[in-house]
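Some notes on the structure that comes next.
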Amino acid sequence: MVNALSVDVEDYFQVAAFEDVVRREDWDRYEPRVERNTRQLLQLFQDYGVRGTFFTLGWVAERSPELVREIVDAGHELAAHGYDHRQVTVQTPAEFRHDVRRTKRILEDISGVAVLGYRAPSYSIVRSTLWALEVLAEEGYRYDTSIFPIHHDRYGIPDFPRFPWIVKGANGGSLHEFPPATVRLMGLNFPIGGGGYLRHFPLAFIRWGIRHLNRVERRSALLYVHPWEIDPEQPRQPVGWLTRVRHYGNLTRTRRRLARLLGEFRFVRVRELLGL
C-alpha cells in the first residue's frame, strides 16, 4: 500500500496564526528561511528515495524561482497553495478565482510543467466555502486537498468523506478531493496527517494510524509537513500561548519523526496516487 507525501512551501512568518502580528506588506522585511528549509526536506526525501508533492505559494515562487525548478528537477510534483496564503474564507469567489489562476500561471511559467493540484491555506475550504471546488475545476485544477474531515477551531468539515472522492460541480466539472489522513475512533475522526499532529501526538499513534489505514481499511494516507517545522531556530513572533504551543512546540522532533515514517512506509506524489 502506498501513501502520499506533501509539503506546504511557505515561510515561518506566513502562517495564518501570525496574521495579527505580521502584516503581509512587511513580509519582505523578514529573514527568508524557506529556501534553506525546503532544500533540507529535498535532501531528506532523496536520502529515502521518496517523491512528494510540493504545494507552493505563488509569492514564494516569484522570489525563489530556482527553488521551484529544483523541486521539479528532483522528480517531485509542483502544486498550488494560493498566492500569499490568504484563506479562502476571507475571499469572494471572484477574488479566489483570481488568486488560483494567478498562482497556477506563476508556477507553470517558472517550472514549465502543468499544475494540477491545490491546497487551500490553513485548510480553509470549509462548509461555507465549498463553492471554491467548482472554481478550481473551472480553472483547470484536477484535484484538491483542502478539506480536513475533523473538528477544529480554525478549519474542518468533520462529516465529510475521509478518503479520496470525486466532487461533481453544477457546471459539469469534476474534481478529485483527497483529505489528509485521519483514523476513526469512538465515533470521531482523529488527524494523523502530519504538521502539528506529527509534532504533538505520540509517534507510536501516528505510525499505528497509518498502518491501520493501510492494512485494515486498505486505504492510502495523505501526509503533510511545512519547511518551517524542521527549523527550531526560526525567529519567534509575539503571539499568544496557544499559538506558541501549536507553532513552536516540538519543532526539534519533526525531522527525526518524518525520517522514521519515510523509512517505514511507502510514499509517492499525490497526482501519481490519484492516477493523474
Side-chain angles (χ1 to χ4, degrees), residues 6-28 30 32-34 37-38 52-64 68 71 77-107 115-136 139 141 143-150 152-157 160 175 177-180 191 193-197 222-229 234 237 239 243 246-247 270:
S6 63
V7 178
D8 290 355
V9 184
E10 63 193 56
D11 223 326
Y12 65 96
F13 51 81
Q14 296 175 315
V15 300
F18 290 171
E19 288 180 350
D20 291 339
V21 296
V22 178
R23 302 186 306 169
R24 278 181 175 78
E25 52 266 37
D26 293 335
W27 278 1
D28 281 315
Y30 286 81
R33 301 170 73 91
V34 67
N37 293 332
T38 303
T53 298
F54 286 68
F55 294 93
T56 305
L57 291 182
W59 190 95
V60 170
E62 285 182 332
R63 288 157 178 79
S64 304
V68 172
I71 290 170
E77 178 188 4
L78 184 66
H81 195 37
Y83 179 75
D84 61 354
H85 213 259
R86 198 175 303 271
Q87 297 182 68
V88 183
T89 48
V90 300
Q91 299 183 66
T92 66
E95 290 170 338
F96 178 71
R97 185 181 300 276
H98 174 74
D99 182 274
V100 298
R101 180 181 296 175
R102 178 187 186 186
T103 305
K104 195 174 193 292
R105 183 179 66 249
I106 290 170
L107 295 176
V115 169
L116 304 184
Y118 174 80
R119 173 173 291 154
S122 301
Y123 294 103
S124 53
I125 294 185
V126 294
R127 206 176 301 277
S128 63
T129 54
L130 286 173
W131 49 260
L133 298 179
E134 188 147 340
V135 174
L136 289 171
E139 291 300 319
Y141 290 89
Y143 73 85
D144 173 69
T145 68
S146 303
I147 299 178
F148 218 141
I150 62 171
H152 193 279
D153 60 337
R154 285 180 167 270
Y155 53 75
I157 307 179
F160 262 61
L175 192 76
E177 181 64 39
F178 194 171
Y197 309 111
L222 170 59
L223 271 64
Y224 69 96
V225 68
H226 304 84
W228 53 262
E229 289 187 288
Q234 64 186 267
Q237 308 305 317
V239 293
T243 298
R246 284 176 168 175
H247 186 90
V270 175

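Because the structure is a prediction, the values reported are computed rather than measured.
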### Message
Would the distance check show the side chain of K104 and the main-chain N or O of A80 forming a donor-acceptor pair, the cut-off being under 3.5 Å?
### Response
no
### Message
Any heavy-atom pair between the side chains of Y123 and P180 that's under 4.5 Å?
### Response
yes
### Task
Find the distance between CG (L223) and OG1 (T53) and round it off to the nearest 0.5 Å.
12.0 Å
### Query
Minimum heavy-atom separation for G195 to E229, with atom names?
C-OE2, 3.0 Å
### Pairwise distance CG(L57) to CG(L107) - rounded to 0.5 angstrom
9.0 Å
### Gap separating the CD atom of E139 from the CD atom of E134, nearest 0.5 angstrom
11.5 Å
#### Entry: Closest heavy-atom pair and its distance - H85, S122
CE1-OG, 3.8 Å
#### Entry: Gap separating the CG atom of D20 from the CD atom of Q237, nearest 0.5 angstrom
12.5 Å
### Task
Please work out which of the three classes, parallel, tilted or perpendicular, describes the rings of Y155 and H152, given edges at 30° and 60°.
parallel
### Query
Which residues pass the salt bridge (Lys or Arg N to Asp or Glu O under 4.0 Å) test with D26, sequence neighbours left out?
R23, R29
### Task
Classify the ring geometry between Y118 and Y141 as parallel (under 30°), tilted (30 to 60°) or perpendicular (over 60°).
perpendicular
### Query
Parallel, tilted or perpendicular for H226 and Y224, by the 30°/60° rule?
perpendicular
### Task
Report yes if some heavy atom in the side chain of F160 is under 4.5 Å from a heavy atom in the side chain of P179; otherwise report no.
no
### Message
Parallel, tilted or perpendicular: which one describes the rings of F13 and Y30, with boundaries at 30° and 60°?
### Response
parallel
### Separation between CZ of R119 and CD1 of I125, rounded to the nearest 0.5 Å
11.0 Å
### Query
Between the side chains of H247 and Q234, is a donor N or O closer than 3.5 angstrom to an acceptor N or O?
yes
### Message
The test is side-chain contact (heavy atoms from CB on, under 4.5 Å); show your working for F54 and V68 and say whether it passes.
### Response
CA-CA 9 Å; F54 286 68; V68 172; over 6 Å; no
#### Entry: V34 side chain near R63 side chain, heavy-atom distance below 4.5 Å
no
### Task
Carefully, step by step, assess V270 and E77 under the rule side-chain contact (heavy atoms from CB on, under 4.5 Å).
CA-CA 8 Å; V270 175; E77 178 188 4; 3.9 Å; yes
### Task
Taking all heavy atoms of V239 and all of T243, pick out the closest pair and write down the distance.
CG2-CG2, 3.8 Å
### Summary
Per side chain to side chain contact (heavy atoms under 4.5 Å, CB included), W59 is matched among I106, D11, D28 by D28
### Query
Hey, are the side chains of R86 and R24 touching, using non-hydrogen atoms and a 4.5 Å cut-off?
yes
### Query
Between S124 and T129, which heavy-atom pair has the shortest distance, and what is it?
O-OG1, 3.0 Å
### Task
May I ask you to check whether Y83 and E62 show a side-chain donor-acceptor distance below 3.5 Å?
yes
### Task
Rounded to the nearest 0.5 Å, what's the gap from CD on E177 to CG on L133? Could you check?
5.5 Å
### Query
What's the shortest heavy-atom distance between R246 and D153, and which atoms?
NH2-OD1, 3.0 Å
### Task
Walk me through it: do T56 and T38 pass the test side-chain contact (heavy atoms from CB on, under 4.5 Å)?
CA-CA 11 Å; T56 305; T38 303; over 6 Å; no
## Note on the structure
Closest non-hydrogen contact found for T103 with G58 is CG2-N, 3.9 Å
### Query
Between W228 and R33, is a side-chain contact (heavy atoms from CB on, under 4.5 Å) present by the stated rule, with each step listed?
CA-CA 8 Å; W228 53 262; R33 301 170 73 91; over 6 Å; no
